[in-house]
Amino acid sequence: MSESREPESNAPMAKTYQPADIEQARYSEWESKGYFAPRGDGDPYCIMIPPPNVTGYLHMGHGFQESIMDALIRYHRMKGDKTLWQVGTDHAGIATQMVVERLLASEGKTRHDLGREKFIERVWQWKELSGGQITQQLRRLGASPDWSTERFTMDEGFYKAVQEVFIRLHEDGLIYRGKRLVNWDPVLKTAVSDLEVISEEENGHLWHFRYPLANGDGGPDRYLVVATTRPETMLGDTAVAVNPNDERYQDLIGKRILLPLVGREIPIIADDYVDPEFGTGCVKITPAHDFNDYEMGQRHSLPMINIFDDTAHLNDQVPEKYRGQERFAARKQVVADLEALGLLEKIDDHKLKVPRGDRTGVVIEPYLTDQWYVKTAPLAEQAIKAVESGDIQFVPKQYENMYFAWMRDIQDWCISRQLWWGHRIPAWYDDAGNIYVGRDEADVRQKHGLSAKINLRQDEDVLDTWFSSGLWTFGTLGWPESTEWLKTFHPTSVLVTGFDIIFFWVARMIMMTLHFQKQVPFKTVYVHGLVRDSHGQKMSKSKGNVLDPIDLIDGIELEPLLAKRTSGMMQPQLKAKIEKQTRAEFKDGIAAYGTDALRFTYYSLASTGRDINFDVGRIEGFRNFCNKIWNAANFVLMNCEGQPCGESGESDYELSLVDRWIIARLQQAEAAIIEGLETYRFDLASQALHSFVWSEYCSWYLELCKPVLNSDDYSAAQKMGTRRTLVRVLETTLRLAHPFMPFITEEIWQKVKALAGASGDTIMYATYPVADGGKIDEEAIADIEWLKEVITTLRNIRSAMNIPPAKKFPVLARSADAGDQPRLATNATFLIRLANLESITWLPTDAELPPSATGLAGQMELFVPMAGLIDVEAELARLSKEIDRLTKEASRIEGKLGNEKFVANAPADVVEKERAKLADYQTSLAKLQEQKVKISTLDD
RNA sequence: GGGUGGUUAGCUCAGUCGGGAGAGCGACGGCCUUACAAGCCGUAGGUCACAGGUUCGACCCCUGUACCACCCACCA
């Protein structure tokens, strides 16, 4: 990493592009000068950053997402909008608490050793220590948020907003406390929401047990067979259910089972839920440990026996033998004991969905506890309408279906977490168990007229992290105060996010914001895909395929990269494989590509609605693109510095055909790039920019300038016109490219702005180019396209004939098209230079031709005399190939035109076009065939 | 079980209104040509997943199938 230095506008440009020399220095300058803050009186434009975890680090997904936001922000800032990019971080309750607990574990302690207060202190310390990392990394990406208003979801203001929201929702009857089954993570010892449970299919078993009938009901020789995937829960069974219409069991409904191992008598009940086709048609019912059983238990008023403690070990509701056993140990024991009793009928292999915590990966236990809930139905109704009405639009649109499907079937949201790190729930209990909600204890006492004698204790739990992030768009702008910023920037313009948090975050933000702010939080949701590795694999530590955006910017040697990928692994046995893989893919480590190249790679891959596969080969190509721009600028400066180029508004210049052509192409590029930005097609925008810069400006325009600038045949006015165009198109291109490649564009812009007659302290505030249709000179475009075709044809002959690049040769030309001769005359200099010709001579149509290699450009025939140059065989082969191609094309069109229905039904202009094409091909074919005959005779 | 997206060159992907299949990277051949070898010039490479249908005409519209990815759902 290079040391940062002050940018020097007057210093000559380095020979090659060295991003490390410019990026950090430029960023410091921007930030210190306060360029990122909103300014001016334009239309407000605002993006809220999805707040990354405060103790997190930047990964490829962030890099992608922030790059997209920054492009939008820089584009709108340059357009003159009053632009705010609100930045901040999230306290990320579970994730952060887990990190700190892991730290404690390495010291041999648990959070309980410290106690709540000390533990929270410890988390704050950790936050102060590591909290700056991700925001520093954001800076490395060139992100331009307004750092002066940075927020944190547990800062003072958020604390107030969260309390306010909780209290008001409670007052509105939209928050309630209830005892019911929740998803319980026995490692974290907290409830989690439905979204935090990932169910995946795993191999398991279906155990069939015999449940004998109770003594008075025909037992113990009569029994039912129940099937279960979770034998240990039988200790909490309070019924067996059958389908009411199942003929096999009609006589048993209402009778009783003597539950084995436990000795409890439980009823046989009838319920429609039971599928007679599945298993034996008999289901054991454990209302306290299964969501379906819970509902059935409620329907039939069954007792609910909770047999687990909060770590999923058996409690004293079970026979003594099993108490204290871990759930999977208990499973084995129960099966063994039932088998010993002769009650195990059989064990089948069975695939089942196993619910696991998304953080811990442990099996989630349905567990009966008191929790706080948000009643979501009324909120969801508004949220659905907002999207239906188009007040909020998803890009791409198909995500709206996903959103609707979830919203229409939304469950109440369990918002309490049995954690320590987070917003503590503003509720207090008296000794009688009455609940009071308020800002603090004093507020509660005052509000409810509770004397100091009454003992109050605050709820121990904290709120789900997403509860506070749901307030992000308005909470960051000062709510509940009605601030100027809130009025100016809310609703925000667009939310840029991944599909994975549409339910977690986007949906909840929409509900919360509509309820409290009476506005949508954002007008557009741009949903981007997941960044995967080059083979489409998810990046993960255990796969060892993780790329760090900072490593792509700064580069990294092989050894540190290996160390990074193999350290701190959960599964050390994968180390060797990852090492081998990494060595194979990055035998020389990763080069330093710089931020601009990384960003451009993201844009080029950002088509909508699909994940992106990140290939390091791509970034190299775009680093080369940066170098291309760098060198083009070098060339422009070499030719323009100290020379008149109309920088002071002089008008005594003359624009050539070539100048008018590149200006026209620039307008087209501008239109395409803006279209891409406006429609979130960053791939199309970046492609348009790339091809304009490389394939038009560099490959053709710069080359076409050289003859003008280096020859005495052109007037001062013509030269000035060319220099003026050269530098102004470059300057405009830099502005066009700035949202994508902020650093290199600023660096070069500072050096060319004066020559281009531009001024300003930073390109960030320069106006974004707008296409001017009046500058699209169709004639110039047609002429230069013609010129390119002629040059390409001649280069093609050179290559096919193996004429060395340095060897000049003469060319003869003739044409039936009257326009060709003047075109040729006008552009002869360019032709000679770019095709490296000795001469070019116009022939009358009836002139005698020497034996030549032939090429066609439109109607014009180009001849390269063969004397000493041309390989007859090669030329025959070339002609044959071209004749073949044209013949095929011609016959295809003949077929089409021979079809009466086509001629009758297709639009006239289409038919006419086909006819013209055919005529064209036929003329060309005739010429080539004539040549072929002529050359063949030489062959003998 | 329901739903969404995808299948186009060796790889990664564009493809607008239905009318002669494109880009980048890679490959191959030739060049240290006075901005750039991180470059220049040229070349090759496609049964647009498959099967039907609509149409004068289908990568594109319709139906079905296969495979891949993802989302949702309570079958013990």
Side-chain angles (χ1 to χ4, degrees), chain A residues 13 15-17 199 206-207 226-230 233 241 273-275 277-286 290-296 350 352-353 396 398-399 401-402 405-406 409 499-500 502-503 529-530 532 534-536 591 593 597 604-605 607 609-615 617-618 620-639 675 681 683-684 687 690-691 694-695 698-699 702-703 706 710 792 795-800 802-806 834-836 889 892-893 896 899-907 909-911 913-914 917 921:
Chain A
M13 288 186 54
K15 181 76 181 156
T16 52
Y17 166 66
S199 284
L206 195 56
W207 285 269
V226 296
T228 181
T229 55
R230 300 203 52 196
T233 62
Y273 163 76
V274 180
D275 176 3
E277 306 295 315
F278 188 89
T280 58
C282 300
V283 188
K284 60 186 271 314
I285 303 300
T286 319
D290 180 283
F291 287 100
N292 295 314
D293 292 4
Y294 178 77
E295 284 178 17
M296 209 184 299
H350 183 67
L352 72 161
K353 295 275 184 156
Q398 71 253 21
Y399 284 105
N401 293 330
M402 197 168 125
W406 187 75
D409 190 34
F499 67 90
D500 50 329
I502 288 180
F503 305 143
L530 195 70
R532 297 167 175 276
S534 59
H535 310 292
Y593 298 112
S604 73
L605 295 169
S607 66
R610 60 194 299 165
D611 290 347
I612 68 172
N613 296 348
F614 194 96
D615 186 338
R618 297 297 297 261
E620 184 175 347
F622 292 125
R623 188 272 316 264
N624 296 351
F625 178 50
C626 292
N627 191 48
K628 190 78 180 172
I629 296 174
W630 189 263
N631 284 301
N634 228 339
F635 173 83
V636 171
L637 288 169
M638 270 171 46
N639 283 284
E675 170 75 11
R681 289 301 304 268
D683 57 332
L684 300 182
Q687 197 195 22
H690 185 274
S691 84
W694 200 313
S695 310
C698 291
S699 292
L702 295 191
E703 295 305 322
K706 289 174 185 174
N710 299 335
T792 304
R795 281 174 176 170
N796 183 313
I797 290 174
R798 177 190 291 278
S799 180
N802 294 314
I803 305 172
L834 271 68
N836 199 23
E889 282 299 302
R892 197 181 58 81
I893 295 174
K896 218 168 173 180
N899 181 347
E900 281 171 32
K901 287 180 177 171
F902 170 71
V903 179
N905 291 315
D909 60 320
V910 171
V911 177
K913 219 170 105 189
E914 294 295 320
K917 265 192 287 187
Y921 289 147

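Order of the sequence lines sets the chain letters (A, B, ...), proteins ahead of strands, with each chain counted from 1. Just so it is clear, the structure is predicted and the values come from calculations on it, not from any experiment.
Nucleic acid contact for A:E703: base, since at least one base atom lies under 4.0 Å from a heavy atom of the residue.
Rounded to whole Å, the separation between the P atoms of B:A66 and B:C50 comes to 16 Å. B:C25 and B:A51 are spaced 34 Å apart, taking the P atom of each and rounding to whole Å. The separation of B:A44 from B:G22, taken at their C1' atoms, amounts to 16 Å, rounded to a whole angstrom. Rounded to whole Å, the C1' atom of B:C61 lies 13 Å from the corresponding atom of B:G57. Here, B:G53 and B:C59 have their P atoms 15 Å apart, quoted to the whole Å. Nucleotides B:C68 and B:U63 have their P atoms positioned 23 Å apart, rounded to a whole Å. To the nearest whole angstrom, the two C1' atoms, one in B:G46 and one in B:A14, are 15 Å apart. Taking atom C1' on both B:A49 and B:U8, the two are 10 Å apart, rounded to the nearest angstrom.
With RNA chain B read from its 5' end, the first of the two nearest nucleotides for A:G617 and A:S607 is the one closest to A:S607.
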So which protein N/O to nucleotides 37-40 of chain B N/O distances come out below 3.5 Å?
residue	atom	partner	partner atom	Å
B:A38	O4'	A:N624	OD1	3.0
B:A38	O2'	A:N627	ND2	2.7
B:A38	N1	A:Y17	O	3.2
B:A38	N3	A:R623	NE	3.0
B:G39	OP1	A:N624	ND2	3.0
B:G39	O3'	A:K628	NZ	3.0
B:C40	OP1	A:K628	NZ	2.7
B:C40	OP1	A:W694	NE1	2.8

Atom pairs under 3.5 Å: protein N/O with N/O of nucleotides 28-34 of chain B:
none

Pairs under 3.5 Å (N/O, protein and nucleotides 15-18 of chain B):
residue	atom	partner	partner atom	Å
B:G15	OP1	A:R681	NH1	3.1

Worksheet item: If the sugar-phosphate is the primed atoms plus P, OP1 and OP2 and the base is the rest, what is the B/S/- string for nucleotides 66-76 of chain B, using protein heavy atoms under 4.0 Å?
Response: -----SSBBBB
Worksheet item: How would nucleotides 52-59 of chain B be written as a contact map, 5' to 3', with B for base contact, S for sugar-phosphate-only contact and - for no contact, using protein heavy atoms under 4.0 Å?
Response: ----B---
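Under the side-chain hydrogen bond (donor to acceptor under 3.5 Å, both in side chains) criterion, A:Y399 pairs with no residue at all, not counting sequence neighbours. Under the rule for a side chain to side chain contact (heavy atoms under 4.5 Å, CB included), the partners of A:D275 that lie at least two apart in sequence or sit in another chain are A:E277, A:F278. The side-chain hydrogen bond (donor to acceptor under 3.5 Å, both in side chains) search around A:N613 returns none, not counting sequence neighbours. Taking the side-chain hydrogen bond (donor to acceptor under 3.5 Å, both in side chains) definition, one finds that A:K896 meets it with nothing, sequence neighbours left out. Remark: A:N624 pairs with no residue by the side-chain hydrogen bond (donor to acceptor under 3.5 Å, both in side chains) rule, at least two apart or across chains. Listed by chain and residue number, A:S691 satisfy the side chain to side chain contact (heavy atoms under 4.5 Å, CB included) test with A:S695 (two or more places apart in sequence, or in another chain).
A straight line from CZ of A:R798 to P of B:G42 spans 11 Å, rounded to a whole angstrom. Counting to the nearest Å, the C1' atom of B:C36 and the CG atom of A:L637 are 14 Å from each other. With rounding to whole Å, A:D683 atom CG is found 16 Å from B:C25 atom C1'. Per the geometry, CZ belonging to A:F635 stands 11 Å off C1' belonging to B:C36, to the nearest Å. Note: NE2 (A:H535) to P (B:G10) measures 18 Å, nearest angstrom. One interatomic measurement links the two molecules: CG of A:D909 to C1' of B:G19, which rounds to 9 Å at whole-angstrom precision. Here B:A14 presents its P atom at 11 Å from CD1 of A:I612, a figure rounded to the nearest Å.
Within 6.0 Å of NZ on A:K913 lie no more than 12 heavy atoms contributed by other residues, nucleotides or ligands.
Proximity of A:V910 to A:F902: side-chain heavy atoms (C-beta onward) are separated by under 4.5 Å at one or more points.
Across all their heavy atoms, A:R798 and A:N836 have their closest contact at NH2-O, 2.8 Å.
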Worksheet entry | Pairing string, 5' to 3', for RNA chain B - Watson-Crick or wobble contacts under 3.5 Å, brackets [ ] where pairs cross, | to another strand | (((((((..((((.....[..)))).(((((.......))))).....(((((..]....))))))))))))....
